[in-house]
Amino acid sequence: MAKVNQDYLKLPGSYLFSEIGRRVREYEAANPESKIIRLGIGDVTRPLCPAVIDALHKATDEMGSAETFHGYAPDLGYEFLRKTIAQKDFGDRGCDISAEEIFVSDGAKCDCGNIQEIFSKDNKIAVCDPVYPDSNVMAGRAGEYDPVNELFSDVIYMPCDASNCFVPDFPKEVPDLIYLCFPNNPTGAVIAKSKLKQWVDYARKNGSVILYDAAYEAFICEEDIPHSIYECEGARECAIEFRSFSKTAGFTGLRLGYTVIPKDLKVEKTPLWNLWARRHGTKYNGAPYIVQRAGEAVYSEEGRAQVNEQISYYMDNAKIILKELKSLGYDVYGGINAPYIWLKTPKNMTSWEFFDYLLTKANVVGTPGSGFGPHGEGYFRLTAFGDREKTKEALNRIKNI
């Protein structure tokens with residue numbers, strides 16, 4: 001008799017954005033005249049830049065000829081992309097990362113969850129709160145769920161709120177695996193290089209591994225904020241980094257990302273590079289050739305300029321949201337080095353109460369902070385990925401209520 005994975009049954013309710021979608025659909029069905037503006041899900045809205053489109057067309061034409069056709073991609077990704085990434089994302093910033101240490105994939109989201117497969121289930125995991133905990137639950141690492149406190153028994157939660165600028169302090173219990181995400185989703189917070197170096201030193205001292213999500217590094221505009229954990233001395237011995245083209249270049253519909261595992265990183269004298277390479281080759285057939293060529297185009301002089309223009313567009317939206325919310329008296333965070341704005345809900349509203357309030361009174365959709373964890377309660381996320389005029393209209397509607 002077949003049995004289900006009991007760990008999936010521990011997941012509280014539905015996926016956050018599925019619940020948001022359900023509430024919005026029900027409201028629209030009951031109020032067909034409503035004109036909803038969505039500033040919730042962090043999906044991009046600008047079209048792919050011309051350099052990427054040109055590369056897609058050229059690569060597609062190559063697939064139509066026997067001489068230039070490509071089947072399965074190499075296990076780690078095409079060398080033309082991995083060499084470009086190694087130089088542009090790391091070499092140019094003084095980071096010692098080789099092309100061989102880069103694993104191309106279809107996005108950071110998959111890799112952040114799948115990376116757990118190369119570690120023992122006995123490892124204790126620490127996550128920032130607020131965060132996405134679901135992949136740890138699915139992997140059977142979270143223990144039992146406490147619905148009263150909204151916590152899992154085997155997860156070390158590191159509170160992130162205004163008191164610590166949404167950057168976690170070292171936990172009392174030493175974890176084996178440490179998830180860090182900066183610039184942070186959902187809070188928009190960033191971490192100073194000196195603080196990140198402290199985490200690197202902490203991990204090396206305790207034999208921990210840092211799983212560093214840098215999917216939003218392209219949005220950093222301040223000079224003293226690190227774009228990669230490998231800017232910190234010693235990180236090659238304790239950290240894995242995840243990157244994505246989704247928000248950087250608008251690839252949410254194309255799917256492309258990569259993971260960096262240095263050859264120096266070992267656990268119990270075993271190189272993690274070897275384990276991930278084995279897993280990658282066994283369970284993954286590679287990102288499509290045409291998509292990897294599109295990724296390469298992002299690093300061209302023309303592509304970089306066009307992508308930076310799109311990033312500036314979104315960050316100008318963030319400035320508009322920040323300015324308007326501050327003028328209304330909201331406590332607001334993020335939005336400077338990240339496309340997310342994190343605000344304190346007014347009048348002691350819960351996150352979902354404020355969600356319903358904005359939906360019904362202003363026809364504006366955001367993301368309840370409680371969906372990211374217990375310390376997200378009382379906060380709310382808005383994204384800067386919307387259309388400029390719709391973003392302005394959304395803020396006008398909020399102002400009017």
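Values below: every heavy atom of this structure, side chains too, minus hydrogens, waters and symmetry copies.
- Using modelled atom types, one finds no donor on one side chain facing an acceptor on the other under 3.5 Å when comparing Ser153 with Glu144.
- In this structure, Arg388 satisfies the cation-pi test against Tyr313, with its NZ or CZ atom closer than 6.0 Å to the six-membered ring centre and inside 45 degrees of the ring normal.
- The line from CG of Asn184 to SG of Cys165 is 12.5 Å long, rounded to the nearest 0.5 Å.
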Test salt bridge (charged side-chain N to carboxylate O under 4.0 Å, His left out) on Arg23 and Glu26 and set out the steps.
CA-CA 5 Å; Arg23 295 194 185 204; Glu26 290 181 358; over 6 Å; no
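- For the atom pair CZ of Arg381 and CG of Leu343, the computed distance is 11.5 Å after rounding to the nearest 0.5 Å.
- A salt bridge between Arg25 and Glu28 is absent, with no side-chain N of the basic residue lying under 4.0 Å from a carboxylate O of the acidic one.
- For the pair Gly376 and Ser351, the tightest heavy-atom approach, listed with the atom from each and the gap, is O-OG, 3.4 Å.
- Looking only at side-chain heavy atoms (C-beta outward), Asp161 and Tyr379 come within less than 4.5 Å of each other.
- The aromatic rings of Phe355 and Trp352 sit perpendicular to each other, their planes meeting at more than 60°, with 30° as the lower class boundary.
- In this structure the side chain of Asp111 reaches within 4.5 angstrom of the side chain of Trp276, judged on heavy atoms.
- At a cut-off of 3.5 Å, with distance as the only test, no side-chain donor of Asn123 or Ser120 sits close to an acceptor on the other residue.
- The number of heavy atoms from other shown groups lying within 6.0 Å of NZ (Lys266) does not exceed 12.
- A donor-acceptor pair under 3.5 Å links the side-chain atoms of Glu353 to the main chain of Thr350, judged by distance alone.
- The closest donor-acceptor contact from the side chain of Asp106 to the backbone of Gly286 lies at 3.5 Å or more, if one exists at all.
- Between Phe219 and Ile311, the closest side-chain pair of non-hydrogen atoms falls below 4.5 Å.
- The main-chain N or O of Gly42 is never found under 3.5 Å from a side-chain atom of Thr383 such that the two would form a donor-acceptor pair.
- When all heavy atoms of Ala73 and Gln292 are compared, the closest pair comes out as CB-NE2, 3.8 Å.
- Rounding to the nearest 0.5 angstrom, the gap separating the CZ atom in Phe90 from the CD1 atom in Ile85 is 8.0 Å.
- Distance alone, capped at 3.5 Å, is enough to place a donor-acceptor pair between the Thr345 side chain and the Gly378 backbone.
- For NZ of Lys83, the number of neighbouring non-hydrogen atoms (other residues, nucleotides, ligands) closer than 6.0 Å is 12 at most.
- The two residues Tyr289 and His70 have their closest heavy-atom pair at CZ-CE1, 3.4 Å.
- Minimum interatomic distance between His227 and Arg243 (heavy atoms only, all atoms of both residues): O-NH2, 3.4 Å.
- Note: Phe380 and Trp342 fail the aromatic proximity criterion, with ring centroids not under 6.0 Å apart.
- Using a distance-only test at 3.5 Å, with no hydrogens or angles considered, a donor-acceptor pair links the side chain of Tyr284 to the main chain of Ala287.
- Residue Glu79 places its CD atom among 12 or fewer non-hydrogen atoms of other residues, nucleotides or ligands, all under 6.0 Å distant.
- Between Ile229 atom CD1 and Tyr212 atom OH the span is 6.0 Å, to the nearest 0.5 Å.
- Ring centers of His375 and Tyr157: at least 6.0 Å apart, outside the cut-off.
- When Phe385, Phe242, Tyr340 are each tested for a ring pair (Phe, Tyr, Trp, His ring centres under 6.0 Å) with Tyr216, only one passes: Tyr340.
- Side-chain contact between Gln116 and Arg141: present, with at least one pair of heavy atoms (C-beta onward) separated by less than 4.5 Å.
- Of the possible polar contacts, one joining the Thr187 side chain to the Ala189 backbone as a donor-acceptor pair under 3.5 Å is found.
- Between Val52 and Phe251 the shortest side-chain heavy-atom distance falls below 4.5 Å.
- With Thr248 contributing its side chain and Phe245 its backbone, the two residues share no donor-acceptor pair below 3.5 Å.
- Of all non-hydrogen atoms in Ile156 and Pro175, the two that sit nearest each other are CD1-CB, 3.8 Å.
- A donor-acceptor pair shorter than 3.5 Å cannot be found between the side chains of Arg397 and Asn363.
- There is no side-chain donor-acceptor pair under 3.5 Å between Ser208 and Asp176.
- Counted by atom type alone, Arg255 and Ser246 present one or more donor-acceptor pairs between their side chains at under 3.5 Å.
- The two residues Ile97 and Ala86 have their closest heavy-atom pair at O-CB, 3.7 Å.
- In this structure, Tyr330 contributes its side chain and Leu322 its backbone to no donor-acceptor pair below 3.5 Å.
- Counting only heavy atoms from C-beta outward, the side chains of Leu39 and Thr391 approach each other to under 4.5 Å.
- One distance of note links CG of Asp264 with CD of Glu101; it measures 7.0 Å at 0.5 Å rounding.
- Counted by atom type alone, Ser228 and Glu241 present one or more donor-acceptor pairs between their side chains at under 3.5 Å.
- Using a 4.5 Å heavy-atom cutoff, the side chains of Lys35 and Glu393 are not in contact.
- Remark: Asn348 CG is loosely packed, at most 12 non-hydrogen atoms of other residues, nucleotides or ligands lying under 6.0 Å away.
- Put simply, the side chain of Gln310 gets close to the backbone of Pro47: a donor and an acceptor are under 3.5 Å apart.
- Looking only at atom types and distance, the side chain of Ser18 has no donor-acceptor partner in the side chain of Arg22 under 3.5 Å away.
- Counting only distance, with no hydrogens or angles, the side chain of Ser300 and the backbone of Ala297 share a donor-acceptor pair below 3.5 Å.
- With salt bridges taken as basic N to acidic carboxylate O contacts below 4.0 Å, one links Lys197 and Asp201.
- Aromatic pair Phe166/Tyr333: centroids less than 6.0 angstrom apart.
- To the nearest 0.5 angstrom, Leu256 atom CG is 10.0 Å from Tyr258 atom OH.
- With no hydrogens or angles considered, a side-chain donor-acceptor pair links Thr252 and Asp43 at under 3.5 Å.
- Judged purely by distance below 3.5 Å, without hydrogens or angles, the side chains of Arg82 and Tyr78 never pair a donor atom with an acceptor atom.
- Side-chain contact, Ser98 with Glu100: no donor N or O sits under 3.5 Å from an acceptor N or O.
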